[in-house]
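In this text the structure is predicted, and so the values were computed from the model without any measurement. Keep in mind that the numbers below use all heavy atoms, side chains included, and drop hydrogens, waters and symmetry copies. Counting convention: from 1, in listed order, for ligands and their atoms alike.
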Amino acid sequence: MLFVVLCMVITSLRLVTYSNSINSAYHDIQLIVSVHIDELNDVLAADGVKGVIQRLPVMLRESGDVHLYMGVRAAGEITGNLHVWPKGDLNSHRWWRMTLPYYPAQAETDIYFRLIPLDANTQLLVGYDLQGVELIRKTLGNVLLDNAVLSVVLSLTLVFLMLWMLNRHLQRYNHVCEQVMEGNLDYRIRLHGHSDQFEKLSGNINRMLDWNCVLLDTVKDTSNAIAHDMRTPLSRLRLQLRSMAETQEQPEKLREELQGAVAQLDYMVTLFDNILKIAKAESKEARTLFEYFDLRALVEDVLDLYESVLEEKNKPLLRHMTGQSIHLLGDRHLIGQSLVNLLENTLKYSPPETPVDVFLHASAQEISLQVADRGAGIAPELREKVTGRFFRADKSRHSEGVGLGLCLVNAVMILHGGRLSLLDNNPGLRVELSFPRK
Ligand SMILES: Nc1ncnc2c1ncn2[C@@H]1O[C@H](COP(=O)(O)OP(=O)(O)O)[C@@H](O)[C@H]1O
Ligand SMILES: [Mg+2]
């Protein structure tokens, strides 16, 4: 597109140059012809038609210009250096063209002329041949044609250079967008210290991302601080209300109210606990607390704890794992909590008397921990949303929960460089936690 526009501009400039040169050659001819007509008009005024007929050969001789053509036709006879006369009744105010045929000592030639009536039977013709104009037309045409190839090559190179440069800059901008969208919030465009607008844009994008990080940290710090500061007084309040509810002197009605208030506080404490755990999993310092531990032993411990809870709902817990230890570098509390969250979900979202399968496999590349149930599962279009903060599917709102369980699991997996996958268990949900083996 750019190339086409450039070619059009160059071609128009060339056409303008070409037509300007031709026009100026015509203008010169008009000037010469007009000077001679003026001179002969003066002769006509002083000496009449006869005077003009006498003066004409003298002027032709004196000028010595072989391109100049002048003639007077009186009663069918031509005086001057013309041997033919234009046919028809030609307007004296216009410029005309005609071709003079070959004549001994004169090649065929085109002339540009004016026809002036001297009296009723006499006409004056003054013209100039177009050899000069033809010469300009030919030479300029050839030069422009020769240059055309060069300018097409040059403009093509220019367009490719510009597109290449633009493409390089756009790639840098796209790359930073992709990195930030993938969660690499610290990624920045490398600056080269140039003073062009692209460098300025890169600097501005970097500053904007810096500012976003500052704002994001402020929001995170504020919500974590609120969660942290609220947790202790809420826990105290909960304890006080519980001990009041347990006092036998309380009337039954008041005890029920107090138990309701304790349940509300439980919800709030869980909410703040989860917010703080997610904040811990998302903090950069969390990796400094990593240590090697036996994942198989941790999974067995959590399953032992939950087996009885599942049994209460007649849900058999089926373990599929080898007896060997699996060593993993990570945060055992956060991984343990993740497994608890998944087991809690199978309790809430799969019907009683359906089994829960837990798989633990380790290959050379990765360790895979899976929890599968036979519930309704999660619709594919909701799978991305359920790992966000506070998201709960509409049909799950009747059950207890704050919508932070899978969000924490996801944060824990990112912290460990692993992946959380929500799969189909046909029927039910199969959640897979895969840890890379470094
Ligand atoms: N095992 C499961 N089967 C069906 N739906 C599930 C399962 N686990 C999670 N979900 C859906 O994902 C949503 C988010 O889960 P989670 O983050 O653990 O929050 P919560 O358990 O507090 O609702 C749940 O509200 C539920 O709709
Ligand atoms: Mg949950």
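Each of the atoms 22 (O) of ligand 1 lies under 4.0 Å from some heavy atom of G401. Shown in contact with K348 at under 4.0 Å from a heavy atom are these atoms of ligand 1, numbered in order with element: 20 (P), 21 (O), 22 (O). For ligand 1, the atoms lying closer than 4.0 Å to a non-hydrogen atom of A393 are 25 (O), 27 (O). Taking every heavy atom of F391 and a limit of under 4.0 angstrom, the matching atoms of ligand 1 come to 13 (C), 14 (C).
Residue contacts with ligand 1 for L429 involve side-chain atoms from C-beta outward but no N, CA, C or O (heavy atoms, distance under 4.0 Å). Contact annotation: for D373 versus ligand 1, heavy atoms closer than 4.0 Å belong to the side chain alone.
For the pair A376 and ligand 1, the shortest N or O to N or O distance does not fall below 3.5 Å. Residue contacts with ligand 1: L406 is placed with a nitrogen or oxygen under 3.5 Å of a nitrogen or oxygen of the ligand (distance criterion only). For Y349, a nitrogen or oxygen atom sits less than 3.5 Å from a nitrogen or oxygen atom of ligand 1, counting backbone and side chain alike.
With W95 as the partner, the ring-ring contact (aromatic ring centres under 6.0 Å, His included) test is satisfied by one option alone out of Y128, Y112, F113: Y112. D357 pairs in a salt bridge (Lys or Arg N to Asp or Glu O under 4.0 Å) with only one of the listed residues (R374, R430, K315), which is R374.
With rounding to the nearest 0.5 Å, the separation of NE2 in H333 from NZ in K277 is 11.5 Å. With values rounded to the nearest 0.5 angstrom, S21 atom OG is found 6.5 Å from I136 atom CD1. Rounded to the nearest 0.5 Å, atoms CG (L423) and CD (E432) are 6.0 Å apart.
With hydrogens left out, the protein atom closest to atom 11 (C) of ligand 1 is I378 CD1, 3.7 Å, a heavy atom. Regarding atom 18 (O) of ligand 1, its nearest protein heavy-atom neighbour is N345 ND2, 2.9 Å. Nearest to atom 27 (O) of ligand 1 among the protein's heavy atoms is S396 OG, 2.5 Å.
Heavy-atom neighbours of R437 CZ from other residues, nucleotides or ligands within 6.0 Å: above the threshold of 12. Around the CZ atom of R188, the shell of radius 6.0 Å holds more than 12 heavy atoms that belong to other residues, nucleotides or ligands.
Under a cutoff of 6.0 Å and an axis angle of 45°, R207 and W211 do not form a cation-pi pair.
A heavy-atom separation below 4.0 Å is not found between S350 and ligand 1. Within the 4.0 Å heavy-atom shell around ligand 1 one does not find E344. Ligand 1 lies within reach of G403, whose nearest heavy atom is under 4.0 Å from it. Under a 4.0 angstrom heavy-atom cut-off, N341 registers as lying outside contact with ligand 1.
R172 and H175 are not linked by any side-chain donor-acceptor pair at a separation below 3.5 angstrom, with hydrogens and angles left out of the test.
A distance-only check finds a donor-acceptor pair linking the side chain of D373 to the backbone of L429 [under 3.5 Å].
Residue contacts to the Mg ion (ligand 2): N341 brings no N, O or S atom closer than 2.8 Å.
Selection from V386, L342, L347 by nearest heavy atom to atom 12 (O) of ligand 1 gives V386.
The existence of a salt bridge linking E252 and R255 is confirmed by a sub-4.0 Å separation between a basic side-chain nitrogen and an acidic carboxylate oxygen.
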